[in-house]
Amino acid sequence: MEFTLQHTDKNSNARTGLIKTDHGEIKTPIFMPVGTVGSVKGVHFKELKEEVKAQIILGNTYHLYLRPGIEILEQAGGLHKFNSWDKPILTDSGGFQVFSLSNTRKMHEEGVTFRSHIDGSKHLFTPEKTVEIQRSIGADIMMAFDECTPGTADYNYAKKSMELTHRWLDRGIKRFDETESKYNFSQTFFPIVQGCVYEDLRKQSAEFAASKNREGYAIGGLAVGEPAEVMYEMIVIVNEILPKDKPRYLMGVGTPVNILEAIERGVDMFDCVMPTRNGRNGMLFTSEGILNMKNEKWKNDFSPIDINGTASVDLIHTKAYLRHLFVSQELLAMQIASIHNLAFYLELVRQARHHIELGDFSVWKKEMVVKLARRL
RNA sequence: GGGCAGAUACCAAAGUGGCCAACUGGGGCUGACUGUAACUCAGCUGUCUUUCGACUUCGGAGGUUCGAAUCCUUCUCUGCCCA
């Protein structure tokens, strides 16, 4: 993987860049749709390419390991071959599942013992094993195995958790460096910065990660219960330390506003389930604000779903029709909403990139943040 | 014409003397959702009130009772059976 820093904003830390992988290029800042089990829920890859214009998607180590399983993925020749997505793929290591499946796992120095949410069977995840699994999946960008510390953790817990993540990072890097890609393309490995909401821990973690001299870095453990302002502060602290010439990936974030605020603070890559999950639950993000398609007020609103939208569904269908689909619990409702939201997110980061190039990012962003947070 | 069963909130359906403004499900309304155990979850759904609470309800009318959705009389309507 190769990263070229292209433009740097004069008035902020926002920047544009180009990531080159063996599966194609990624223009940053970028939003990466989440495709946990090898599928972006409700959105076909044809739509993902032509409507959403996604450049890279996510997969998840824990979920793919449980189903279909490593054996099948290897037989298929990796996830790209298996699901026929020929653009870049980034896999999360399962670190987030340490957080979200906390009631079915046990942590220890060696790793984490999970109980499968599917059949209850026991599985051990270690930093080494998650590297091996991601080798088998064949992700272009692999993530270190970390503990995603809750935003509400106290200092002592956060410190211990961060130190464990650091020890796991060393082990993960070691295994990564002593193994090779199983397929005919190269893979890279991103460390993850933790440290919860504590400034000194974040600094320490960023320095530790940066010292590993990898091709890119991730900021984890944010948007997990702490106030947004605190998240922004942490991003500033971390990005002062992470190398400028490497991409920075803010994991799991977030709302359109979160993304613009983070871009302004020097983040290049994002992923979040929000456009798809909230879309399936009736929430639409637009350049004019947020709307709940299930609300009664759209019942007889025959205007397009999003007059400024870039996806064809935005103009083809009316709000009244989409509301009807949601109320009737039609699968098409979720598909349309997911396509719309993802296309909106991708257009948002594309616009951000454009305005960084133009040099008026901060002005544009200030206006957008007000509009994006509105409730329609 | 006769017999039997039934009528409860938007719908369906519990409740058969006080713990009932009334279980539950559906529907409706509103909210939540941030590296996806999520087509999920939560709240509200008689009226007034921010809350406390107050008031009016269980087909209609009348009655028994300290007290009735629940018991009695009668009327109306619905379903089934017999002529």
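All chains are named by letter (A, B, ...) in the order of the sequence lines, taking the proteins before the strands, and each is independently numbered beginning at 1.
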Checklist entry - If we call it a pair only when both distances are under 3.5 Å in a Watson-Crick or G-U wobble match, what pairs with B:G6? => result B:C77
Item to check | Inter-nucleotide P distance (B:A83, B:A12), Å rounded | outcome: 32 Å
Next on the checklist: Less than 4.0 angstrom from a charged side-chain N to a carboxylate O is my criterion; do A:Arg15 and A:Asp9 meet it?
Outcome noted: no
Next on the checklist: Please name the nucleotide paired to B:U70 by Watson-Crick or G-U wobble geometry with both distances under 3.5 Å, or report none.
Outcome noted: none
Next on the checklist: Using atom C1' in both nucleotides, what's the gap between B:A61 and B:C55 to the nearest angstrom?
Outcome noted: 23 Å
Checklist entry - Nearest to the side chain of A:Leu331, which nucleotide is it out of B:C29, B:A32, B:C39? => result B:C39
Checklist entry - Would you say a side-chain N or O of A:Arg277 is under 4.0 Å from OP1 or OP2 of B:U34? => result yes
Checklist entry - Nearest to the side chain of A:Cys272, which nucleotide is it out of B:U36, B:C39, B:U34? => result B:U34
Next on the checklist: What's the closest nucleotide to the side chain of A:Ile192 if the choices are B:A37, B:G35, B:U40?
Outcome noted: B:G35
Checklist entry - Should B:C20 form a Watson-Crick or G-U wobble pair with both distances under 3.5 Å, which nucleotide is its partner? => result none
Checklist entry - Within this structure, what is the NE2-to-C1' distance between A:His63 and B:A37, rounded to whole angstrom? => result 7 Å
Checklist outcome for this item: Between CZ of A:Arg67 and C1' of B:A37 the distance, given in whole Å, is 10 Å
Next on the checklist: Work out how far the C1' atom of B:U24 is from that of B:A9, and round it to whole angstrom.
Outcome noted: 14 Å
Item to check | A:Glu296/A:Arg323 salt bridge by N-O under 4.0 Å criterion | outcome: no
Next on the checklist: Side-chain N or O of A:Asn295 versus OP1/OP2 of B:U30: is the shortest distance under 4.0 Å?
Outcome noted: yes
Checklist entry - Distance between the C1' atoms of B:A68 and B:A22, in whole angstroms? => result 13 Å
Next on the checklist: Only pairs with both distances under 3.5 Å count, Watson-Crick or wobble alike; so what is the partner of B:U40 in this structure?
Outcome noted: B:A32
Item to check | Pair assignment for B:G25, Watson-Crick or G-U wobble, requiring both distances under 3.5 Å | outcome: B:C11
Next on the checklist: Using ring centroids (six-membered ring only for Trp), state whether A:Phe285 and A:Tyr345 fall under 6.0 Å.
Outcome noted: yes
Checklist entry - Strictly under 6.0 Å, is that where the ring centroids of A:Phe185 and A:His80 end up? => result yes
Item to check | Lys/Arg N to Asp/Glu carboxylate O, A:Asp177 vs A:Arg214, below 4.0 Å | outcome: yes
Next on the checklist: Tell me the interatomic distance from A:Tyr65, atom OH, to B:G35, atom C1', rounded to whole angstroms.
Outcome noted: 20 Å
Checklist entry - Are any of A:Thr104's side-chain N or O atoms less than 4.0 Å away from OP1 or OP2 of B:A37? => result no
Next on the checklist: So, OP1 or OP2 of B:U34: does either fall under 4.0 Å of a side-chain N or O from A:Asn278?
Outcome noted: no
